[in-house]
Structures are given as C-alpha cells and as structure tokens.
Visitor: 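Below is the structure I would like to discuss, written out as structure tokens.
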Amino acid sequence: MIAQVIVDVPVSRTNRPFDYRVPGWLSPLIHVGSRVVVPFGPRKLQGYVIGITEDDGPEEALHRLKDVEQVMDDTPPLTPELLKMSEWMSRQYLCPWVTAVQAMLPAVLKGKAQKWLTASDLLDEETCSRSGLLWELYRKRQLPLAEVEKQFPDEFMLVPGWIHSGLLSTEYQVRDRITKKQQSFVRSLLTPQQLSESLASLSARAEQMRRVLEVFLQHPEQSFSVQTMRDEFGINRSALKGLEAKGWIAIEQVEIYRDPYANRRFQEKQKPDFTPLQLQALEPIITSIKESSYASYLLHGVTGSGKTEVYLEAIEHTLMKGREAIFLVPEISLTPQMVERFKARFGADVAVLHSALSQGERYDEWRKIIRKEVKVVVGARSAIFAPFENVGLIVIDEEHESSYKQEETPRYHAREVALWRAKENNAVLLMGSATPALETYALATRGRYKLLKMPDRVGNRPMPQVHVVDMREELHSENRSMFSRLLHEMIADRLKKQEQMVIFLNRRGFSTFVMCRSCGYTMRCVHCDISLTYHKSNHTARCHYCGYTIPQPSHCPECQSEHIRFFGTGTQKVEAELAKLFPGIRVIRMDVDTTSRKGSHEELLSKFRQGQGDVLLGTQMIAKGLDFPRVTLAGIIAADTSLHLPDFRAAEKTFQLLTQVGGRAGRHELEGDVVIQTYTPEHYSIQHATRHDYPAFYEDEMLQRRRTGYPPYFRLVLITFSHEEVPVVVRGAHVMGDFLRQKVAQTTILLGPVASPIARVKDRFRFQIMLKYRDEPNVAELLAQATAVFEEWNKQQKVLMTIDVDPYVLL
DNA sequence: GCAATCTCTCAA
DNA sequence: TGAGAGATTGCG
C-alpha cells in the first residue's frame with residue numbers, strides 16, 4: 001500500500017504529492033484525507049493523504065520509499081469533497097495545495113514539527129550533576145530544542161559535543177494542539193431496589209449521601225455532572241467520594257463540548273406569516289431545493305424586508321429533504337441576535353463558527369459537524385468549508401460584504417467557493433443583500449443567478465425618511481460643530497420622546513494622523529511608507545502595518561513648535577461633543593477600545609436593547625444587521641469620508657454603508673428618520689442612497705466602471721512584489737511582467753510594474769503589476785506559468801511575490 | 001522551509 | 001589544506 005502525501009511545506013518547490021509506504025499495522029487506519037506524520041528529508045512533518053494505491057508496483061521502487069510514521073486521527077478530517085475543493089482552490093488562487101487544505105481545518109489540527117533533545121542511557125546522575133541543562137534533561141528525558149536555547153543560552157553551544165559523545169540525541173516530533181474538555185459525571189452502579197436498601201442502611205447522620213441516593217432513585221438511569229450535583233442538589237464532593245469508595249456510584253471523566261451558549265435558553269419563536277413578497281421569493285427557491293438540482297439565486301431585498309425569514313424557511317425545507325445547510329454571515333454581523341434566531345428555530349442542530357470563539361471552542365463546533373451531530377452551520381467566511389457531505393443549501397447573507405474575501409493566502413472569496421460547492425453538490429446557492437455587489441447584480445441581470453426582488457418592508461412599513469445635510473452650508477451659517485442644526489434638533493427630539501438612535505461615524509479613509517500645524521510635518525513610520533496613527537489610550541503614535549510605536553511628542557521634531565496634534569474625528573470625540581451639547585445623554589460607544597474584551601460586544605448591545613442608552617455610537621460594526629425596535633433615528637456624521645479613497649469601489653462602498661445604516665431606523669412600529677451629513681450632497685451614490693434606489697445607483701456606477709475599465713467589465717489580478725532593495729524588486733517584477741505581456745490576449749491590459757500605492761512596508765519596497773482582462777481563456781494556467789518563470793529567476797533572489805485574484809484591497 | 005551538501009574564498 | 005560562508009539542492 002502506497003500513500004500519496006502532500007506535506008506541510010507551503011512553497012512551490014514542494015507543492016506536489018510524495019509517495020510513502022504504508023506499514024501493515026497502519027493500513028486499517030489510513031484513509032484518503034487522513035492527517036499523517038511522515039519523514040521528510042532529515043525532518044518529520046505533518047502531511048495529508050491525497051490518494052492511496054493498493055498496488056505497490058515493482059519491488060525496487062517500493063524499496064526506495066520511506067514509511068508513513070503515524071496516522072493522526074481515527075476518522076480523516078478531510079472529506080473527499082473538501083480534498084477536491086482544496087485542489088481546485090490551489091489552482092484557482094495560485095497557492096500551495098497544503099495551504100488551501102489548512103484553510104479548511106480548525107487551527108488546532110495544524111501540527112507543529114519541533115526538534116527535541118533526548119537524553120540517552122549514557123546520561124547518569126554522575127555526569128549530569130555537572131551542568132544545569134543535563135540535569136534538566138535527566139529529569140525530564142526530553143526538551144524542545146528551541147526551549148533549550150532560550151533557557152540555557154550558555155550551555156547551548158556545548159550541545160553538539162554532547163550529541164557527538166552519545167549523551168544526547170535529537171529527534172523530530174509532530175504534535176497538534178488538540179485538547180478535549182472533560183467533565184466529571186456521577187453514575188449510579190446500583191439497581192433501584194439496591195438503592196432503596198442502601199438508603200435504609202445509611203446512618204442517620206449521612207445526610208448528603210442520603211440525598212445523592214434519593215436523586216438517583218428519582219432519576220433512574222441518569223447521570224449527573226459533579227457540578228450539577230453541587231449546584232442543583234447541594235451535594236459536595238466529599239459525599240460523592242464516600243459513595244464511590246463504597247462502590248455504589250462511579251465518578252467518570254466524560255468528554256464534553258465547549259459550548260459558549262451552554263447556559264443560555266433560546267425561546268422558540270412563532271413562525272411569522274409570510275408577506276406576499278416573501279412567498280413569491282420562496283416559491284422558486286423551495287422548488288429548486290425539492291428538485292435537488294443546482295440553482296443560484298440573488299435575493300435583492302431592502303433593509304427590513306424580511307430576508308432572514310426567507311433564509312430560515314429555505315433551510316427548513318433543506319433539512320426536510322434530509323440535506324444539510326450552510327449559512328454564511330459577515331464576521332461583523334454574527335451577532336448573538338442572529339445566533340439566537342437559529343438556535344431557537346433549529347435547536348441543537350446548529351453549529352456556530354466565528355472568530356470570537358477560542359481555538360478549542362471552534363474545534364468542538366467543527367467536530368459536531370464532522371460527526372454529523374448537526375445539520376446547519378452558521379458562520380463567517382471559513383464556515384463555507386464545513387465538512388458536511390450532503391450540502392443542499394448555501395446561504396450567503398449580506399453577499400456584498402468584503403469580509404467574504406480572505407486577505408491572506410489562500411486569497412479566496414467565499415462566494416466563489418460557495419458557487420463551486422453548490423454546483424458540485426447539486427445544491428441551491430442563495431445570496432441576499434439590500435445592496436448587492438456590482439459583480440453579483442451584473443451576473444443576475446444576465447441570468448447567471450436568478451434575481452428575486454423584495455422591494456418593500458415587512459408590514460408595509462415605510463422606508464425611513466432620508467435627509468441630506470450639506471455641511472458646507474452649515475459652515476457658512478457659522479455652525480462649526482460636527483452636528484448639523486437638523487441632526488442636533490432631531491437628537492433633542494428623540495431624547496424628549498425617549499426613543500433611541502444610532503450615530504454612525506464613517507471612519508474609512510479617516511486616519512487619525514499626527515501633524516504639526518505650524519510647519520505641516522506629519523509623523524511617518526520609519527519602516528513603512530505611511531503615516532502613523534494616533535492612539536489615545538496610551539498616547540502613542542503607531543504604524544498599523546508593522547506595529548512601530550513611539551510616544552506622542554509634545555514638540556514638533558522639525559520646527560520645535562508645540563502645535564503638533566492628531567487629526568481626524570474619533571468616536572471618543574463625538575461622544576465628548578454629545579455630552580457637551582446634551583447634558584445627561586446616555587451614550588453607548590462601540591469601537592475597538594470598548595469591544596476588545598471577549599463578549600463585550602454582546603454586552604454593550606444588550607445594554608442598548610434594554611434601554612440603558614439613548615445613543616449607540618460607533619463605526620462599521622454598528623452598521624449591519626442590528627434590529628432594535630425603539631431606534632427611530634440614524635445619523636451619519638460624515639458620509640463622504642469613504643467617497644474619495646483611491647479605490648474603484650469607493651462609491652459602491654459608500655452607497656452600501658449609507659443604505660445599511662439608514663436601514664437601522666424605523667424597522668418596527670415607530671417611523672424612522674435618517675440624517676446624512678456630507679460635503680458632496682450632489683454625488684450620485686449619496687443621491688441614490690437617499691431615494692433607496694439601488695437600480696439607479698447600479699446604472700450610474702456601471703457607467704463609471706465601464707469607463708475606467710474595472711469590474712464587472714474587467715476582472716483583475718494584482719501581483720505584488722517586495723524586497724529590501726528597489727533594483728531587485730523592480731527586476732523581479734519585470735521578469736514576470738515581460739513574460740505576461742508576451743502571453744496575454746489582445747484585449748487584456750497589463751499595468752506596471754509600478755510602485756505600489758504604499759511603496760514600502762516593514763523596510764521592504766513594493767512593486768505591483770495589475771492585470772485587467774475580459775476574455776482570457778485560462779488565467780490560472782497563465783499565472784501558473786508566469787510564476788514558474790519568476791521562481792526560476794528568483795532562485796538567487798529573495799523577492800516575495802503574491803498573486804491576488806479578484807483583489808479587494810489594491811494597496 | 002529546512003538542513004545537508006556543494007562550491008568558493010581566503011588565510012595559514 | 002581546511003575552515004567558514006554562501007549558494008544550491010533535495011526532500012518520496
């Protein structure tokens with residue numbers, strides 16, 4: 001038996017399967033998709049089995065192979081589908097296969113190969129008394145080499161000599177970080193009859209023991225955790241120990257799941273009556289689900305139109321069909337509210353995956369999926385890799401969100417992966433948004449996705465009234481405050497009526513940079529080509545690319561002026577202003593500072609829900625998916641900060657943001673207002689957002705994209721190079737650029753190589769090539785060839801190159 | 001990606 | 001000639 005294995009060395013040189021012999025004793029354990037430990041060169045590494053051949057071929061060829069050393073799991077973590085998907089990803093996104101595989105698995109499964117120092121039998125008490133390190137090794141037998149270097153720097157240089165003399169040896173070990181949470185459970189070993197008899201035989205003073213037996217009499221065949229015994233029945237540990245000693249009960253360690261929602265009850269909500277629009281949207285979806293054939297839908301529904309109910313219903317039909325469902329939400333809107341809705345509807349059938357989970361919790365949720373204990377997965381981007389084997393429905397909520405694009409290798413887009421997976425499984429793909437990505441909407445208008453529309457809110461509630469305030473006029477009227485007179489007035493009004501409001505600060509593009517007012521000097525990072533960001537909490541200026549931090553200076557380093565300060569509006573500043581203008585106003589501020597602690601996000605929102613605040617103030621994180629009945633005003637402090645970014649999606653993102661924030665107001669009985677403050681009220685993305693007119697925005701924006709040659713008209717590939725020296729990085733970029741220029745189609749535009757907009761990061765200079773194409777039969781193959789050419793050249797250099805297919809961030 | 005191995009340089 | 005550094009190669 002021979003196993004084909006890809007090893008955990010994510011470089012192109014080793015990006016291919018290696019053959020290993022499977023020793024007889026491992027053959028029942030090993031499967032395609034298994035994690036294994038294999039010897040690789042002088043080391044040992046973790047790898048994944050991508051194929052197994054029973055036929056060994058000629059004897060002498062077999063002889064040259066090494067053995068698989070270990071199979072790491074009983075059941076392989078990779079299903080055949082995931083394996084196929086990872087191969088597709090590695091081709092599609094130009095990344096090593098093993099990198100794609102690892103993106104699909106929980107982080108604790110990534111094995112770490114370490115070199116260990118082991119004591120041999122020659123090391124006796126006599127020898128080791130001479131040195132601290134040897135003594136330590138004599139006691140513990142082995143230590144990781146890295147640890148040794150840290151703890152015994154003085155003796156580290158003696159290690160090679162000791163190895164040579166046979167006192168010590170080195171050895172590679174691969175370990176993953178799987179841990180399983182255990183809890184003590186108590187179980188009765190007696191029959192009910194024996195229980196009664198034993199109860200009678202107990203001394204009158206054994207009150208606690210008596211109670212334990214009574215509990216078991218009342219609940220035969222049940223076991224209880226030690227914790228429950230204590231908390232619910234008031235029985236302490238010693239009583240249990242006593243009974244265990246008598247042999248009447250057993251205390252056992254049982255593996256349990258780390259469930260972040262363990263102590264929460266979820267109320268089952270009555271299914272609402274569907275509106276005609278919802279029914280109309282549901283009909284074709286349900287038909288497709290029943291047919292179990294591939295179909296894709298774009299559900300374009302305004303905020304408050306009840307998209308979530310449609311999703312839930314579709315999931316229910318999928319489960320009725322005996323298939324599984326994946327529900328993707330943007331990281332940011334994976335709120336407790338959302339989880340609650342799912343838990344209430346599908347109970348224990350749901351696994352939840354998001355970034356706030358600890359690695360262990362994440363692993364436990366994942367195990368529920370692979371063990372087929374759940375039927376539905378709710379999660380952020382990476383939940384698209386849920387190891388189901390019969391996926392019938394994939395829902396992508398807020399389909400336009402940029403968090404679906406991963407910004408590290410593998411640079412995949414969850415929407416694309418979902419599309420592949422839906423086709424592979426004859427499943428239904430359902431994408432929903434109030435403001436679809438242009439790419440998606442364009443495909444929908446061309447029939448690639450079926451377009452479903454829900455243009456009205458549930459219960460015929462009106463869309464909120466949107467007021468646009470021209471901040472230039474405010475300035476002319478001597479209003480220098482960050483609040484316009486209208487917004488000011490409306491805040492006062494809501495305070496009087498005791499209604500709630502959401503105030504949104506558009507921070508995209510706002511850098512809180514540090515500048516000298518007298519000479520114009522701005523503080524920049526010494527390693528990167530960007531300004532430092534001011535951090536109020538510890539009065540430092542910090543580079544958010546490399547982490548370089550210096551204390552905020554009191555004088556300008558250039559001209560010694562004292563007028564050096566930070567610029568930009570922060571949430572703290574808005575909060576202070578609100579407190580000044582409206583004494584007694586209760587503001588709940590949500591930003592990185594107040595939500596960094598685990599669970600604090602949830603805490604603040606529930607405070608607001610309970611009415612412990614008048615204003616919810618925050619950045620992007622409050623724009624999405626929140627639903628509070630008493631919110632009747634949404635204020636946007638500066639709508640256009642994101643409009644003038646050097647990003648071809650700037651207008652689209654602004655439109656989306658305004659629409660989403662506006663959607664927070666007046667979702668229930670009370671009607672809502674939205675105030676948009678801007679310096680460019682005439683801009684089409686602001687104008688169309690005001691009228692809730694997505695199609696009009698789409699038309700205008702498509703014209704821009706056609707004119708400038710951006711998606712959806714052209715598709716992009718961004719190739720970035722970096723190196724410490726400019727001439728080297730330029731040469732590298734040209735090697736690849738020249739090759740591509742020869743090979744691309746006539747209609748393809750190749751820009752560069754040019755310096756990247758952020759030309760230096762961490763002391764490395766960056767250059768880039770942009771590929772814009774419309775009709776390129778096989779981009780992936782072309783890029784793979786170019787990569788090979790580049791890597792041949794790069795053998796002598798150390799230029800780093802990354803390829804971003806359909807990039808979101810162009811910096 | 002890492003470590004063994006090969007190749008080249010330089011000083012004794 | 002041998003050590004040491006730097007580049008190259010192979011990993012099944």
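Protein chains get the first letters and strands the later ones, always in sequence-line order, with residue 1 at the start of each.
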Visitor: Does a donor on one side chain and an acceptor on the other come within less than 3.5 Å for S86(A) and W97(A)?
Guide: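 Yes, W97(A) and S86(A) have a side-chain donor paired with an acceptor closer than 3.5 Å.
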Visitor: Is K44(A) paired with E69(A) through a side-chain N to carboxylate O contact shorter than 4.0 Å?
Guide: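 Salt bridge: yes.
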Visitor: Indicate whether any N or O donor in one side chain lies under 3.5 Å from an N or O acceptor in the other, for S12(A) and E791(A).
Guide: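 Yes, side-chain donor-acceptor contact under 3.5 Å.
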Visitor: Can a salt bridge be assigned to the pair R411(A) and E408(A) using a cut-off of 4.0 Å between side-chain N and carboxylate O?
Guide: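 Result for this pair is no, no salt bridge flagged.
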Visitor: Is the backbone N or O of K405(A) less than 3.5 Å from a side-chain atom of R381(A), with the two atoms forming a donor-acceptor pair by type?
Guide: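 Answer holds: yes.
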Visitor: Anything under 4.0 Å to a heavy atom of chain A counts; send over the first and last such nucleotide of DNA chain B, read 5' to 3'.
Guide: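 Counting from the 5' end, contacts occupy dG1(B) to dA3(B).
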Visitor: Tabulated below should be each protein N or O lying under 3.5 Å from an N or O of nucleotides 8-12 of chain C; please produce it.
Guide:
{"from": "dG10(C)", "atom 1": "N7", "to": "R13(A)", "atom 2": "NH2", "distance (Å)": "2.9"}
{"from": "dC11(C)", "atom 1": "O3'", "to": "G41(A)", "atom 2": "N", "distance (Å)": "3.2"}
{"from": "dG12(C)", "atom 1": "OP1", "to": "G41(A)", "atom 2": "N", "distance (Å)": "3.4"}
{"from": "dG12(C)", "atom 1": "OP1", "to": "K66(A)", "atom 2": "NZ", "distance (Å)": "2.4"}
{"from": "dG12(C)", "atom 1": "O3'", "to": "D19(A)", "atom 2": "O", "distance (Å)": "2.3"}
{"from": "dG12(C)", "atom 1": "O3'", "to": "K66(A)", "atom 2": "N", "distance (Å)": "3.1"}
{"from": "dG12(C)", "atom 1": "N2", "to": "D19(A)", "atom 2": "OD2", "distance (Å)": "3.4"}
{"from": "dG12(C)", "atom 1": "N3", "to": "D19(A)", "atom 2": "N", "distance (Å)": "3.2"}

Visitor: Going by side chain to side chain contact (heavy atoms under 4.5 Å, CB included), Q4(A) matches just one of I50(A), V32(A), I52(A), V49(A). Which one?
Guide: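 Single side chain to side chain contact (heavy atoms under 4.5 Å, CB included) partner of Q4(A) among I50(A), V32(A), I52(A), V49(A): I50(A).
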Visitor: Taking C-beta and beyond as the side chain, do N15(A) and V98(A) meet within less than 4.5 Å on heavy atoms?
Guide: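 They are not in side-chain contact.
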